[in-house]
Number of protein chains: 2
Amino acid sequence: MARRGDTIELAVLGLLHEGPMHGYELRKRLNLMLGWGRVLSYGSLYPALKKMLRANLITEVSTATTPTSRRPRIVYEVTPAGTEQFQRLMSEVGPTAWEDDNFDIRFAFFSSTDMEIRLRVLEGRRSRLQERLARVQAELARTQAEVDRYAGELQRHGVESVEREVRWLSDLIRAERGDEDPATAPATKPVGSD
Amino acid sequence: MARRGDTIELAVLGLLHEGPMHGYELRKRLNLMLGWGRVLSYGSLYPALKKMLRANLITEVSTATTPTSRRPRIVYEVTPAGTEQFQRLMSEVGPTAWEDDNFDIRFAFFSSTDMEIRLRVLEGRRSRLQERLARVQAELARTQAEVDRYAGELQRHGVESVEREVRWLSDLIRAERGDEDPATAPATKPVGSD
DNA sequence: GTTAGCATGTAAGGAGTTACATGATTTT
DNA sequence: AAAATCATGTAACTCCTTACATGCTAAC
(Lines give C-alpha, C1' and ligand atoms only; values in the text may rest on other atoms or scores of the structure.)
Protein backbone atom coordinates (compact mmCIF):
# COMPACT_ATOMS: atom_id res chain seq x y z
CA MET A 1 0.00 0.00 0.00
CA ALA A 2 1.10 3.54 -0.64
CA ARG A 3 2.68 5.06 2.40
CA ARG A 4 3.15 8.78 2.72
CA GLY A 5 6.78 8.63 1.76
CA ASP A 6 6.12 7.10 -1.59
CA THR A 7 5.46 10.56 -2.91
CA ILE A 8 9.05 11.07 -3.91
CA GLU A 9 9.24 7.63 -5.43
CA LEU A 10 6.19 8.25 -7.55
CA ALA A 11 7.47 11.63 -8.63
CA VAL A 12 10.89 10.29 -9.56
CA LEU A 13 9.44 7.41 -11.52
CA GLY A 14 7.10 9.75 -13.31
CA LEU A 15 9.81 12.19 -14.25
CA LEU A 16 12.19 9.49 -15.38
CA HIS A 17 9.54 8.30 -17.80
CA GLU A 18 10.17 11.49 -19.70
CA GLY A 19 13.77 10.47 -20.10
CA PRO A 20 16.93 9.72 -18.11
CA MET A 21 17.98 12.35 -15.61
CA HIS A 22 20.46 12.92 -12.82
CA GLY A 23 19.62 13.79 -9.25
CA TYR A 24 20.25 17.48 -9.38
CA GLU A 25 17.96 17.87 -12.35
CA LEU A 26 15.27 15.73 -10.78
CA ARG A 27 15.31 17.99 -7.77
CA LYS A 28 14.92 21.11 -9.86
CA ARG A 29 12.05 19.66 -11.85
CA LEU A 30 10.31 18.44 -8.73
CA ASN A 31 10.61 21.73 -6.94
CA LEU A 32 9.18 23.50 -9.94
CA MET A 33 6.39 20.98 -10.11
CA LEU A 34 5.27 21.16 -6.49
CA GLY A 35 6.99 24.45 -5.90
CA TRP A 36 4.07 25.83 -3.93
CA GLY A 37 5.02 24.62 -0.54
CA ARG A 38 7.91 22.58 0.66
CA VAL A 39 11.10 22.35 -1.26
CA LEU A 40 12.70 18.96 -1.64
CA SER A 41 16.19 18.77 -0.18
CA TYR A 42 19.16 16.69 -1.24
CA GLY A 43 19.02 15.00 2.09
CA SER A 44 15.78 13.33 1.11
CA LEU A 45 16.24 12.95 -2.63
CA TYR A 46 19.58 11.15 -2.78
CA PRO A 47 18.76 8.56 -0.13
CA ALA A 48 15.48 7.96 -1.91
CA LEU A 49 17.34 7.37 -5.17
CA LYS A 50 19.68 4.93 -3.46
CA LYS A 51 16.74 3.09 -2.03
CA MET A 52 15.11 2.90 -5.44
CA LEU A 53 18.35 1.61 -6.92
CA ARG A 54 18.46 -1.14 -4.34
CA ALA A 55 14.83 -1.97 -5.06
CA ASN A 56 15.77 -2.17 -8.72
CA LEU A 57 13.20 0.42 -9.76
CA ILE A 58 15.84 2.51 -11.47
CA THR A 59 19.36 1.94 -12.78
CA GLU A 60 22.42 4.07 -13.22
CA VAL A 61 23.09 4.81 -16.82
CA SER A 62 26.64 5.43 -17.95
CA THR A 63 27.75 8.88 -16.82
CA ALA A 64 26.52 11.41 -19.32
CA THR A 65 29.03 12.38 -21.94
CA THR A 66 29.77 16.06 -21.69
CA PRO A 67 32.23 16.34 -24.57
CA THR A 68 34.95 18.30 -22.78
CA SER A 69 35.12 16.29 -19.59
CA ARG A 70 32.73 14.02 -17.87
CA ARG A 71 32.17 15.18 -14.38
CA PRO A 72 30.69 12.61 -12.06
CA ARG A 73 27.01 12.98 -12.58
CA ILE A 74 24.90 9.92 -12.28
CA VAL A 75 22.09 9.57 -14.73
CA TYR A 76 19.18 7.36 -13.78
CA GLU A 77 16.77 5.42 -15.91
CA VAL A 78 13.60 3.49 -15.11
CA THR A 79 13.70 -0.28 -15.17
CA PRO A 80 10.75 -2.41 -16.28
CA ALA A 81 10.10 -3.07 -12.60
CA GLY A 82 10.06 0.69 -12.10
CA THR A 83 7.48 1.13 -14.82
CA GLU A 84 5.36 -1.55 -13.21
CA GLN A 85 5.63 0.10 -9.82
CA PHE A 86 4.73 3.44 -11.34
CA GLN A 87 1.63 2.04 -12.95
CA ARG A 88 0.71 0.34 -9.71
CA LEU A 89 1.11 3.50 -7.64
CA MET A 90 -0.79 5.60 -10.15
CA SER A 91 -3.75 3.27 -10.20
CA GLU A 92 -3.90 2.96 -6.45
CA VAL A 93 -7.02 4.92 -5.77
CA GLY A 94 -7.48 5.57 -2.09
CA PRO A 95 -7.30 8.10 0.69
CA THR A 96 -3.63 8.76 0.19
CA ALA A 97 -4.31 9.70 -3.42
CA TRP A 98 -6.34 12.79 -2.57
CA GLU A 99 -4.00 14.28 -0.07
CA ASP A 100 -2.65 17.58 -1.31
CA ASP A 101 0.82 16.52 -2.35
CA ASN A 102 -0.10 13.10 -3.60
CA PHE A 103 -2.91 14.49 -5.67
CA ASP A 104 -0.68 17.03 -7.35
CA ILE A 105 1.89 14.44 -8.32
CA ARG A 106 -0.71 12.07 -9.61
CA PHE A 107 -2.39 14.80 -11.58
CA ALA A 108 0.86 15.91 -13.14
CA PHE A 109 1.35 12.42 -14.54
CA PHE A 110 -2.24 11.85 -15.58
CA SER A 111 -1.20 11.35 -19.17
CA SER A 112 0.29 8.03 -18.16
CA THR A 113 -3.00 6.60 -16.92
CA ASP A 114 -6.34 5.89 -18.41
CA MET A 115 -9.47 7.94 -18.06
CA GLU A 116 -11.09 5.58 -15.59
CA ILE A 117 -8.36 6.17 -13.04
CA ARG A 118 -8.24 9.88 -13.76
CA LEU A 119 -11.94 10.22 -13.09
CA ARG A 120 -11.78 8.27 -9.88
CA VAL A 121 -8.92 10.37 -8.56
CA LEU A 122 -10.55 13.64 -9.58
CA GLU A 123 -13.87 12.65 -8.07
CA GLY A 124 -12.26 11.34 -4.92
CA ARG A 125 -10.38 14.55 -4.48
CA ARG A 126 -13.49 16.58 -5.06
CA SER A 127 -15.60 14.76 -2.53
CA ARG A 128 -12.82 15.02 0.00
CA LEU A 129 -12.74 18.77 -0.41
CA GLN A 130 -16.51 18.99 -0.31
CA GLU A 131 -16.58 17.04 2.94
CA ARG A 132 -14.10 19.39 4.54
CA LEU A 133 -16.05 22.34 3.24
CA ALA A 134 -19.29 21.03 4.69
CA ARG A 135 -17.71 20.32 8.04
CA VAL A 136 -16.11 23.73 8.31
CA GLN A 137 -19.22 25.56 7.19
CA ALA A 138 -21.35 23.67 9.70
CA GLU A 139 -18.92 24.56 12.45
CA LEU A 140 -18.79 28.11 11.17
CA ALA A 141 -22.55 28.44 11.36
CA ARG A 142 -22.53 27.23 14.96
CA THR A 143 -19.90 29.66 16.20
CA GLN A 144 -20.42 32.50 13.80
CA ALA A 145 -21.15 35.25 16.28
CA GLU A 146 -18.03 34.80 18.34
CA VAL A 147 -15.33 34.83 15.69
CA ASP A 148 -12.61 37.38 15.58
CA ARG A 149 -12.32 39.67 12.57
CA TYR A 150 -9.08 38.32 11.21
CA ALA A 151 -9.76 34.72 12.10
CA GLY A 152 -13.08 35.09 10.29
CA GLU A 153 -11.49 36.64 7.24
CA LEU A 154 -9.02 33.77 7.10
CA GLN A 155 -11.86 31.26 7.25
CA ARG A 156 -13.74 33.09 4.51
CA HIS A 157 -10.71 33.15 2.29
CA GLY A 158 -10.04 29.49 2.98
CA VAL A 159 -13.57 28.49 2.12
CA GLU A 160 -13.48 30.52 -1.07
CA SER A 161 -10.21 28.94 -2.14
CA VAL A 162 -11.51 25.45 -1.60
CA GLU A 163 -14.73 26.26 -3.43
CA ARG A 164 -12.63 27.48 -6.32
CA GLU A 165 -10.71 24.26 -6.33
CA VAL A 166 -13.92 22.27 -6.33
CA ARG A 167 -15.11 24.18 -9.39
CA TRP A 168 -11.77 23.52 -11.05
CA LEU A 169 -12.11 19.81 -10.39
CA SER A 170 -15.69 19.81 -11.64
CA ASP A 171 -14.60 21.41 -14.89
CA LEU A 172 -11.87 18.84 -15.28
CA ILE A 173 -14.26 16.00 -14.59
CA ARG A 174 -16.72 17.34 -17.11
CA ALA A 175 -13.91 17.68 -19.63
CA GLU A 176 -12.77 14.12 -19.00
CA ARG A 177 -16.24 12.78 -19.55
CA GLY A 178 -17.09 14.96 -22.48
CA ASP A 179 -14.09 15.80 -24.54
CA GLU A 180 -11.36 13.60 -25.75
CA ASP A 181 -9.02 16.43 -25.09
CA PRO A 182 -9.37 17.64 -21.53
CA ALA A 183 -6.66 20.16 -20.85
CA THR A 184 -6.91 21.85 -24.21
CA ALA A 185 -10.30 23.32 -23.37
CA PRO A 186 -9.22 24.47 -20.00
CA ALA A 187 -10.96 24.84 -16.74
CA THR A 188 -12.32 28.25 -16.07
CA LYS A 189 -12.41 30.31 -19.19
CA PRO A 190 -12.00 29.93 -22.93
CA VAL A 191 -8.61 30.63 -24.36
CA GLY A 192 -7.94 34.29 -24.96
CA SER A 193 -10.56 35.68 -22.61
CA ASP A 194 -7.81 36.73 -20.25
CA MET B 1 14.48 32.67 17.34
CA ALA B 2 11.34 31.05 16.03
CA ARG B 3 12.00 27.52 14.96
CA ARG B 4 9.57 25.63 12.79
CA GLY B 5 8.05 23.78 15.66
CA ASP B 6 6.97 26.90 17.46
CA THR B 7 3.86 26.90 15.33
CA ILE B 8 1.90 24.85 17.84
CA GLU B 9 3.18 26.93 20.71
CA LEU B 10 2.09 30.15 19.06
CA ALA B 11 -1.30 28.70 18.21
CA VAL B 12 -1.89 27.42 21.72
CA LEU B 13 -0.89 30.68 23.30
CA GLY B 14 -3.11 32.58 20.92
CA LEU B 15 -6.13 30.41 21.57
CA LEU B 16 -5.66 30.46 25.32
CA HIS B 17 -5.80 34.22 25.17
CA GLU B 18 -9.46 33.82 24.31
CA GLY B 19 -9.96 31.96 27.55
CA PRO B 20 -8.90 28.80 29.39
CA MET B 21 -9.26 25.56 27.50
CA HIS B 22 -8.38 21.90 27.75
CA GLY B 23 -6.33 19.91 25.28
CA TYR B 24 -9.11 18.23 23.40
CA GLU B 25 -10.82 21.53 22.76
CA LEU B 26 -7.57 23.18 21.69
CA ARG B 27 -7.08 20.46 19.15
CA LYS B 28 -10.54 20.91 17.70
CA ARG B 29 -10.18 24.65 17.43
CA LEU B 30 -6.76 24.33 15.85
CA ASN B 31 -7.87 21.81 13.29
CA LEU B 32 -10.76 24.04 12.34
CA MET B 33 -8.43 26.98 12.12
CA LEU B 34 -5.78 25.41 9.88
CA GLY B 35 -8.09 22.67 8.74
CA TRP B 36 -6.98 22.90 5.12
CA GLY B 37 -4.08 20.55 5.24
CA ARG B 38 -2.60 18.55 8.03
CA VAL B 39 -4.55 17.68 11.10
CA LEU B 40 -2.87 18.05 14.45
CA SER B 41 -2.67 14.80 16.38
CA TYR B 42 -2.72 14.19 20.11
CA GLY B 43 0.73 12.81 19.81
CA SER B 44 2.05 16.24 19.06
CA LEU B 45 -0.36 18.42 21.01
CA TYR B 46 -0.09 16.87 24.46
CA PRO B 47 3.70 16.72 24.54
CA ALA B 48 3.75 20.33 23.39
CA LEU B 49 1.44 21.29 26.25
CA LYS B 50 3.69 19.49 28.72
CA LYS B 51 6.68 21.31 27.36
CA MET B 52 4.92 24.63 27.68
CA LEU B 53 3.93 23.78 31.24
CA ARG B 54 7.55 23.09 32.08
CA ALA B 55 8.56 26.35 30.42
CA ASN B 56 5.97 28.07 32.58
CA LEU B 57 4.14 29.55 29.61
CA ILE B 58 0.86 28.02 30.72
CA THR B 59 -0.57 26.62 33.95
CA GLU B 60 -3.11 23.99 34.83
CA VAL B 61 -6.27 25.53 36.18
CA SER B 62 -8.42 23.54 38.57
CA THR B 63 -10.31 20.85 36.70
CA ALA B 64 -13.38 22.38 35.11
CA THR B 65 -16.57 21.99 37.12
CA THR B 66 -19.08 20.01 35.18
CA PRO B 67 -21.92 20.03 37.69
CA THR B 68 -22.73 16.33 37.65
CA SER B 69 -19.25 14.94 37.95
CA ARG B 70 -15.87 16.29 37.16
CA ARG B 71 -14.13 14.03 34.80
CA PRO B 72 -10.39 14.50 34.60
CA ARG B 73 -9.99 17.21 32.04
CA ILE B 74 -7.12 19.56 32.44
CA VAL B 75 -7.82 23.17 31.69
CA TYR B 76 -4.90 25.39 30.77
CA GLU B 77 -4.41 29.11 31.17
CA VAL B 78 -1.73 31.50 29.94
CA THR B 79 0.79 32.84 32.40
CA PRO B 80 2.24 36.36 32.18
CA ALA B 81 5.38 34.74 30.79
CA GLY B 82 3.16 33.09 28.19
CA THR B 83 1.67 36.41 27.18
CA GLU B 84 5.14 37.85 26.81
CA GLN B 85 6.26 34.92 24.69
CA PHE B 86 3.15 35.26 22.55
CA GLN B 87 3.83 38.94 21.92
CA ARG B 88 7.44 38.15 21.16
CA LEU B 89 6.60 35.43 18.66
CA MET B 90 3.93 37.55 17.01
CA SER B 91 6.24 40.48 16.49
CA GLU B 92 9.05 38.32 15.17
CA VAL B 93 9.00 39.34 11.55
CA GLY B 94 11.17 37.12 9.43
CA PRO B 95 11.29 34.32 6.89
CA THR B 96 9.54 31.87 9.16
CA ALA B 97 6.61 34.25 9.45
CA TRP B 98 5.63 33.98 5.79
CA GLU B 99 5.69 30.25 5.54
CA ASP B 100 2.22 28.91 4.84
CA ASP B 101 1.33 27.55 8.25
CA ASN B 102 3.07 30.20 10.26
CA PHE B 103 1.44 32.93 8.25
CA ASP B 104 -2.02 31.54 8.81
CA ILE B 105 -1.57 31.33 12.56
CA ARG B 106 -0.15 34.81 12.78
CA PHE B 107 -2.93 36.18 10.65
CA ALA B 108 -5.60 34.53 12.75
CA PHE B 109 -4.28 36.34 15.80
CA PHE B 110 -3.66 39.67 14.12
CA SER B 111 -6.03 41.40 16.50
CA SER B 112 -3.44 40.95 19.22
CA THR B 113 -0.77 42.95 17.41
CA ASP B 114 -0.44 46.46 16.13
CA MET B 115 -0.79 47.63 12.60
CA GLU B 116 2.92 48.05 12.04
CA ILE B 117 3.56 44.36 12.56
CA ARG B 118 0.48 43.38 10.59
CA LEU B 119 1.67 45.37 7.60
CA ARG B 120 5.15 43.94 7.73
CA VAL B 121 3.86 40.39 7.87
CA LEU B 122 1.34 40.96 5.07
CA GLU B 123 3.91 42.65 2.87
CA GLY B 124 6.53 40.03 3.61
CA ARG B 125 4.14 37.29 2.69
CA ARG B 126 3.15 39.06 -0.48
CA SER B 127 6.68 39.57 -1.73
CA ARG B 128 7.50 35.97 -0.95
CA LEU B 129 4.62 34.82 -3.11
CA GLN B 130 5.52 37.25 -5.85
CA GLU B 131 9.07 35.97 -5.88
CA ARG B 132 7.89 32.41 -6.28
CA LEU B 133 5.50 33.49 -8.97
CA ALA B 134 8.21 35.28 -10.90
CA ARG B 135 10.59 32.35 -10.64
CA VAL B 136 8.01 29.84 -11.80
CA GLN B 137 6.79 32.00 -14.65
CA ALA B 138 10.35 32.57 -15.83
CA GLU B 139 10.97 28.85 -15.79
CA LEU B 140 7.64 28.29 -17.47
CA ALA B 141 8.52 30.63 -20.30
CA ARG B 142 11.78 28.79 -20.88
CA THR B 143 10.29 25.33 -21.11
CA GLN B 144 6.83 26.16 -22.36
CA ALA B 145 6.82 24.08 -25.49
CA GLU B 146 7.71 20.81 -23.83
CA VAL B 147 5.17 20.60 -21.04
CA ASP B 148 2.64 17.88 -20.76
CA ARG B 149 -1.05 18.76 -20.85
CA TYR B 150 -1.90 17.88 -17.30
CA ALA B 151 1.35 19.12 -15.84
CA GLY B 152 0.73 22.37 -17.65
CA GLU B 153 -2.82 22.65 -16.39
CA LEU B 154 -1.57 22.08 -12.86
CA GLN B 155 0.98 24.85 -13.28
CA ARG B 156 -1.65 27.19 -14.66
CA HIS B 157 -3.98 26.49 -11.80
CA GLY B 158 -1.17 26.93 -9.29
CA VAL B 159 -0.13 30.24 -10.75
CA GLU B 160 -3.71 31.45 -10.76
CA SER B 161 -4.21 30.47 -7.13
CA VAL B 162 -1.10 32.28 -6.03
CA GLU B 163 -2.08 35.34 -8.04
CA ARG B 164 -5.40 35.30 -6.28
CA GLU B 165 -3.70 35.15 -2.94
CA VAL B 166 -1.50 38.08 -3.88
CA ARG B 167 -4.59 40.11 -4.72
CA TRP B 168 -6.14 39.12 -1.40
CA LEU B 169 -3.05 40.29 0.43
CA SER B 170 -2.97 43.53 -1.53
CA ASP B 171 -6.55 44.25 -0.56
CA LEU B 172 -5.77 43.56 3.07
CA ILE B 173 -2.72 45.79 2.96
CA ARG B 174 -4.74 48.58 1.41
CA ALA B 175 -7.40 48.12 4.05
CA GLU B 176 -4.83 48.23 6.83
CA ARG B 177 -3.38 51.45 5.52
CA GLY B 178 -6.66 53.09 4.66
CA ASP B 179 -9.42 52.03 6.97
CA GLU B 180 -9.43 51.70 10.66
CA ASP B 181 -11.51 48.62 10.22
CA PRO B 182 -9.77 46.18 7.94
CA ALA B 183 -11.75 42.98 7.91
CA THR B 184 -15.12 44.64 7.93
CA ALA B 185 -14.66 45.93 4.40
CA PRO B 186 -13.44 42.65 3.13
CA ALA B 187 -11.11 41.61 0.43
CA THR B 188 -12.79 40.89 -2.82
CA LYS B 189 -16.35 42.06 -2.76
CA PRO B 190 -18.70 44.16 -0.69
CA VAL B 191 -20.84 42.47 1.91
CA GLY B 192 -23.96 40.97 0.49
CA SER B 193 -22.85 40.67 -3.11
CA ASP B 194 -22.49 36.98 -2.61
C1' DG C 1 41.54 33.66 -10.03
C1' DT C 2 37.61 33.81 -7.64
C1' DT C 3 32.79 33.66 -7.18
C1' DA C 4 28.57 31.39 -8.33
C1' DG C 5 26.30 27.45 -9.56
C1' DC C 6 26.57 22.42 -10.72
C1' DA C 7 26.66 17.87 -8.57
C1' DT C 8 26.65 14.31 -4.97
C1' DG C 9 26.48 12.74 -0.77
C1' DT C 10 26.16 11.81 4.90
C1' DA C 11 24.97 12.38 9.89
C1' DA C 12 22.33 14.20 13.40
C1' DG C 13 18.36 15.67 14.88
C1' DG C 14 13.52 17.71 14.88
C1' DA C 15 8.71 17.50 14.32
C1' DG C 16 4.89 15.08 14.10
C1' DT C 17 2.15 10.80 12.84
C1' DT C 18 0.53 6.16 13.93
C1' DA C 19 -0.71 2.95 16.94
C1' DC C 20 -1.40 1.74 21.31
C1' DA C 21 -3.49 2.14 25.96
C1' DT C 22 -7.08 3.69 29.09
C1' DG C 23 -11.22 5.25 30.92
C1' DA C 24 -15.37 8.51 31.50
C1' DT C 25 -19.71 10.25 29.53
C1' DT C 26 -23.34 10.86 26.46
C1' DT C 27 -26.38 9.22 23.02
C1' DT C 28 -29.10 5.64 20.85
C1' DA D 1 -26.43 -2.09 27.16
C1' DA D 2 -23.79 -0.74 23.19
C1' DA D 3 -21.80 2.64 20.39
C1' DA D 4 -19.99 7.01 19.77
C1' DT D 5 -17.44 10.63 21.33
C1' DC D 6 -15.02 12.94 24.94
C1' DA D 7 -10.50 13.09 27.09
C1' DT D 8 -5.62 12.18 28.04
C1' DG D 9 -1.57 10.26 27.33
C1' DT D 10 3.01 7.34 25.59
C1' DA D 11 6.37 4.90 22.52
C1' DA D 12 8.04 3.74 18.28
C1' DC D 13 8.79 5.10 14.05
C1' DT D 14 8.98 7.78 9.64
C1' DC D 15 10.03 11.28 7.01
C1' DC D 16 12.42 15.08 6.16
C1' DT D 17 15.39 19.17 7.07
C1' DT D 18 19.70 21.21 8.48
C1' DA D 19 24.23 21.35 8.40
C1' DC D 20 28.24 19.53 7.02
C1' DA D 21 31.63 17.78 3.55
C1' DT D 22 33.56 17.59 -1.08
C1' DG D 23 34.91 18.76 -5.60
C1' DC D 24 33.99 20.18 -10.46
C1' DT D 25 32.95 23.86 -13.96
C1' DA D 26 31.39 28.14 -15.96
C1' DA D 27 31.36 32.99 -15.85
C1' DC D 28 33.18 37.40 -14.59
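Order of the sequence lines fixes the chain letters, A, B, ..., with proteins taken first and strands second; residue numbering starts at 1 for each chain. We use all heavy atoms of the structure for the numbers below, so side chains are in, but hydrogens, waters and symmetry mates are not.
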**OP:** Rounded to the nearest angstrom, tell me the gap between atom CD in B:Glu99 and atom P in C:dA15.
**Re:** 15 Å

**OP:** Can you tell me the distance, in whole Å, between the CG atom of A:Leu45 and the P atom of C:dG9?
**Re:** 10 Å

Subject >> Close aromatic pair by centroid cut-off 6.0 Å: B:Phe86 and B:His17 >> reply: yes

Subject >> Polar side chain donor-acceptor pair, B:Glu153 to A:Trp168, under 3.5 angstrom >> reply: yes

Original post:
Can a side chain N or O of B:Lys28 be found less than 4.0 Å away from OP1 or OP2 on D:dT5?
Top reply: no

**OP:** Specify the separation, in whole Å, of atom OH of B:Tyr24 and atom C1' of C:dA24.
**Re:** 12 Å

Subject >> B:Asn102 CG to C:dG16 P, straight-line distance once rounded to whole Å >> reply: 10 Å

Original post:
Does the pair A:Arg29 and A:Glu18 meet the rule for a salt bridge (charged side-chain N to carboxylate O under 4.0 Å, His left out), with working shown?
Top reply: CA-CA 11 Å; A:Arg29 296 281 310 265; A:Glu18 296 176 12; 2.9 Å; yes

Original post:
Which nucleotide sits closest to the side chain of A:Tyr46: D:dA7, C:dG16, C:dT8?
Top reply: C:dT8

Original post:
Closest to the A:Ser44 side chain: D:dT17, D:dC6, C:dT8?
Top reply: D:dT17

Original post:
Separation of B:Glu9 atom CD from C:dG14 atom P, in whole Å?
Top reply: 15 Å

**OP:** Round to a whole Å and report the spacing from NZ of A:Lys51 to P of C:dT10.
**Re:** 15 Å

Original post:
Quick one: do the B:Asp101 and B:Thr7 side chains pair a donor with an acceptor below 3.5 Å?
Top reply: no

Original post:
For B:Lys50 and D:dT10, is the shortest distance between a side-chain N/O and OP1 or OP2 below 4.0 Å?
Top reply: yes

Subject >> Given C:dA7, C:dT17, D:dA7, the nucleotide with the shortest approach to the side chain of A:Arg73 >> reply: C:dA7

Original post:
Counting any heavy atom closer than 4.0 Å, what does B:Gly23 reach on the DNA or RNA strands: base, sugar-phosphate only, or nothing?
Top reply: sugar-phosphate

**OP:** State which of D:dT10, C:dG16, D:dA7 makes the closest approach to the side chain of B:His22.
**Re:** D:dA7

Original post:
Tell me: CG of A:Asp101 to P of C:dT17, nearest whole Å?
Top reply: 14 Å

Original post:
So does B:Tyr42 get a side-chain nitrogen or oxygen closer than 4.0 Å to the phosphate oxygens (OP1/OP2) of D:dT8?
Top reply: no

Original post:
B:Ser41 has a side chain; which of D:dT8, C:dG9, C:dT18 sits nearest to it?
Top reply: C:dT18

**OP:** Would you check if there is a donor-acceptor pair between the side chains of B:Asp148 and A:Ser111 at a distance under 3.5 Å?
**Re:** yes

Original post:
Rounded to whole angstrom units, what separation is found between the CG atom of A:Leu49 and the P atom of D:dC16?
Top reply: 13 Å

